[in-house]
Amino acid sequence: MKKAAALFAILAVCSAPVLAQNGGFVDPNAPAVQTAPTQANGGFNGPSVGAVTVDKAKTMGDDTWVTLRGNIEQRIGGDHYIFRDATGTLNVDIDHRRWNGQTITPKDSVELQGKIDKDWNSVELDVKQITKIQ
């Protein structure tokens, strides 16, 4: 009985942060579900290295840290999305915890920061931070 109670308590504590996540990508073709966005606190607020273009990012080495500015066009499955700027498109991987309560649509301009992930036949950005540009 004590083991079951302890297991239940551990599961309750571990699952609370997962259930509290808000935000993410909003597909204009999907039924709308509106939630009040929350704002994350803390972090660096100041000048950063300038953004690069998608074309430039595709030529950079594996694990290179980059900043891209543009729009997330659509979700292609799981945590994978298509990002577009003036020079082209790039597949991006955005884990659910990276949204930080922000709701993003294809019309919203965003700044993505992350690492280039190169395989032998593909290039994608592993997003570590996403910021909606006002």
Side-chain angles (χ1 to χ4, degrees):
M1 184 66 154
K2 289 181 182 180
K3 289 181 183 178
L7 182 60
F8 178 74
I10 291 171
L11 287 173
V13 170
C14 292
S15 65
V18 172
L19 298 175
Q21 292 291 327
N22 288 328
F25 180 74
V26 177
D27 187 346
N29 300 322
V33 177
Q34 294 294 329
T35 60
T38 59
Q39 184 172 356
N41 294 324
F44 179 72
N45 186 9
S48 62
V49 175
V52 298
T53 64
V54 167
D55 279 348
K56 178 71 175 166
K58 287 179 178 180
T59 65
M60 296 178 143
D62 191 34
D63 293 331
T64 303
W65 187 268
V66 297
T67 300
L68 299 174
R69 290 191 182 113
N71 302 82
I72 299 171
E73 287 191 333
Q74 72 182 61
R75 184 178 190 181
I76 55 177
D79 291 338
H80 298 275
Y81 301 85
I82 296 176
F83 175 83
R84 178 180 295 279
D85 72 1
T87 65
T89 62
L90 180 67
N91 288 351
V92 295
D93 183 1
I94 307 173
D95 190 68
H96 67 278
R97 69 177 181 256
R98 304 296 183 196
W99 294 103
N100 292 326
Q102 300 175 96
T103 300
I104 308 292
T105 68
K107 295 179 182 178
D108 295 319
S109 293
V110 294
E111 179 179 271
L112 303 180
Q113 295 179 4
K115 294 192 309 183
I116 297 294
D117 185 16
K118 280 194 170 183
D119 288 329
W120 65 278
N121 64 348
S122 68
V123 178
E124 118 178 335
L125 180 68
D126 183 14
V127 176
K128 302 299 182 186
Q129 181 177 339
I130 180 170
T131 306
K132 187 187 250 185
I133 300 172
Q134 299 297 333

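Heads up: numbering here begins at 1 and tracks the sequence. The figures that follow rest on heavy atoms only: side chains count, while hydrogens, waters and symmetry mates do not. Being a predicted model, the structure only gives us computed values, none of them experimental.
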Check against side chain to side chain contact (heavy atoms under 4.5 Å, CB included), L125 and F83: CA-CA 9 Å; L125 180 68; F83 175 83; over 6 Å; no
Intermediate values then yes/no, side chain to side chain contact (heavy atoms under 4.5 Å, CB included), Q102 and V110: CA-CA 11 Å; Q102 300 175 96; V110 294; over 6 Å; no
Where do V52 and T67 land on the side chain to side chain contact (heavy atoms under 4.5 Å, CB included) test, with the steps shown first? CA-CA 6 Å; V52 298; T67 300; over 6 Å; no
Applying side chain to side chain contact (heavy atoms under 4.5 Å, CB included) to N100 and I130, what does each step give before you reach the verdict? CA-CA 8 Å; N100 292 326; I130 180 170; 5.7 Å; no
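Within 6.0 Å of NZ in K128 there are more than 12 heavy atoms belonging to other residues, nucleotides or ligands.
Here L90 contributes atom CG and D55 contributes atom CG; the two are 10.0 Å apart, rounded to the nearest 0.5 Å. How far CG of N71 is from OH of Y81: 15.0 Å, rounded to the nearest 0.5 Å.
Using a 4.5 Å heavy-atom cutoff, the side chains of I72 and P106 are not in contact. Side-chain atoms of V123 and I116, non-hydrogen and from C-beta on, do get closer than 4.5 Å to each other. Side-chain contact check for I104 versus K132: some heavy-atom pair is nearer than 4.5 Å.
Grouped by direct or indirect side-chain proximity (heavy atoms under 4.5 Å, Ile/Leu/Val/Met/Phe/Trp/Tyr only), I82 sits with I76.
Heavy-atom minimum distance, D93 versus E124: CB-OE2, 3.5 Å. Closest heavy-atom contact between R69 and I133: CD-CD1, 3.9 Å. Across all their heavy atoms, Q113 and W65 have their closest contact at CB-CZ2, 3.9 Å. Here the closest heavy-atom approach between residue V92 and residue L112 is recorded as CG1-CD1, 4.0 Å. For the residue pair I94 and V127, the shortest heavy atom distance occurs at CG1-CG2, 3.7 Å. Among all heavy-atom pairs drawn from D62 and K118, the shortest one is OD1-N, 2.9 Å.
Ion pair D117/K115 not flagged as a salt bridge, since none of the NZ, NE, NH1 or NH2 atoms sits closer than 4.0 Å to an Asp/Glu carboxylate oxygen.
If you check the side chains of D85 and T87, you find a donor sitting under 3.5 Å from an acceptor.
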